[in-house]
There are 2 protein chains.
Amino acid sequence: MSNQCESSNENCIGQLEKSIAVIGSKWTLLILRELSSGTKRFAQLQKSLKGISPKTLSLRLKELEKNKIVIKKIYPEVPPRVEYSFASRGESLKKILHDLYEWGAEPPDGEK
Amino acid sequence: MSNQCESSNENCIGQLEKSIAVIGSKWTLLILRELSSGTKRFAQLQKSLKGISPKTLSLRLKELEKNKIVIKKIYPEVPPRVEYSFASRGESLKKILHDLYEWGAEPPDGEK
DNA sequence: CTGAATCCATTCTGATACTG
DNA sequence: CAGTATCAGAATGGATTCAG
């Protein structure tokens, strides 16, 4: 029901843009790759993703969390401990990203 | 062969980023929607996409053309006439965008 | 008509320092 | 350890004007 994206539907474009904006930000794919190998903590991510600033990492994680792509788990301990992991929506996203990758890697084939 | 995007492969991320950058730019999706209903000329697109500047439209079309998503056909006439239409890569992209749309529209459902 | 050039506004990102 | 605040620089988009 109405999850078809037709020429006349403005709304679906907006939805699509939102989705692309989330996964299209710089670092997002790298973050997802890191998390795909398992739960990670903030400092771990920061270390793996050499060059990312804490601000950017924080922003990206916040967005990913808001979009239910990753799950943030806070342990009320001292020192503070926070873990990030894939949510189920993140898992289903992986397949799409894989398709998109294949699309991009596809040879231009018989042109000209 | 090697079109699997694994944790250890840096290269595939770059490819993915490139693809997302192309389709993720503002207006790109709108342009693709316009073209999905058939071949269009520059002025037609500019008129349909109310608010787009010729510069932006030109840039986006150039990128889409470079990535073989749309085809540019120039008629050596006076006044000049240029037509844009979907390439085959554009067609296969449509399916992926549809999947992505469905992913984005997917309800957060039973999490927790 | 097509689209390149220019200038300006807005947004995004990075580096660094600092707090709970 | 986790994350925010601040500021500067880069990248992106828009309006307008001009040219082939």
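Here is the naming used below: chain letters follow the sequence lines, and residue numbers restart at 1 for every chain. Remember, it's a predicted structure, so these values are computed and weren't measured experimentally.
Residue B/Arg41 contributes atom CZ, which lies 13 Å from atom C1' of C/dG3 at whole-angstrom precision. In this structure, A/Phe42 atom CZ and C/dT19 atom C1' are separated by 14 Å, rounded to whole Å. The distance between atom CG of A/Leu30 and atom C1' of C/dT13, rounded to the nearest whole Å, is 14 Å. If you measure from atom CD1 of B/Ile74 to atom C1' of C/dG3, you get 11 Å, rounded to the nearest angstrom. Per the geometry, CZ belonging to A/Arg60 stands 9 Å off C1' belonging to C/dT13, to the nearest Å. Computed from coordinates, the B/Lys40 NZ to C/dC1 P distance equals 17 Å when rounded to whole Å.
The nucleotide range of DNA chain D contacted by chain B, defined by atoms under 4.0 angstrom from heavy atoms of the protein and reported 5' to 3', is D/dG13 to D/dG20.
A/Ser85 contributes no side-chain N or O that, together with a main-chain N or O of A/Lys72, makes up a donor-acceptor pair within less than 3.5 Å. Judged by distance alone, with hydrogens and angles left aside, the side-chain atoms of B/Gln44 form a donor-acceptor pair with the main-chain N or O of B/Arg41 at under 3.5 Å. No donor-acceptor pair closer than 3.5 Å links the side chain of B/Arg89 to the backbone N or O of B/Val70.
For A/Glu91, the salt bridge (charged side-chain N to carboxylate O under 4.0 Å, His left out) partners are A/Lys94, not counting sequence neighbours. Among residues two or more places apart in sequence or in another chain, the salt bridge (charged side-chain N to carboxylate O under 4.0 Å, His left out) test is passed with B/Glu34 by B/Lys40.
Residue pairs meeting the side-chain hydrogen bond (donor to acceptor under 3.5 Å, both in side chains) criterion with at least one partner in residues 53-63 of chain B, sequence neighbours excluded, are B/Ser53-B/Thr56.
Taking side-chain N and O atoms only, B/Tyr84 has a distance below 4.0 Å to OP1 or OP2 of C/dG3.
A distance of 9.0 Å separates CG in A/Leu64 from CG in A/Leu93, rounded to the nearest 0.5 Å.
Residues from residues 43-57 of chain A that place a heavy atom under 4.0 Å from any atom of DNA chain D, listed by number: A/Ala43, A/Pro54, A/Lys55.
When only modelled atom types and interatomic distance are considered, B/Gln15 and A/Tyr101 share no side-chain donor-acceptor pair under 3.5 Å.
Side-chain contact between B/Arg33 and A/Ile13 is present, with at least one heavy-atom pair separated by less than 4.5 Å.
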Assess whether side-chain contact (heavy atoms from CB on, under 4.5 Å) is satisfied between B/Leu97 and B/Leu29, documenting all intermediate values. CA-CA 9 Å; B/Leu97 290 178; B/Leu29 292 177; 3.9 Å; yes

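Each of A/Leu35, A/Ile31, A/Leu32, A/Leu61 was checked for a side-chain contact (heavy atoms from CB on, under 4.5 Å) with A/Ile69, and the lone residue meeting it is A/Leu32.
For the helix from C/dC1-D/dG20 to C/dG20-D/dC1, the angle separating the two terminal helix axes comes to 40°, with each axis derived from five pairs and the value rounded to 10°.
For A/Ser25 and B/Leu61, each mapped to the nucleotide of DNA chain C holding its nearest heavy atom, the one lying further toward the 5' end belongs to B/Leu61.
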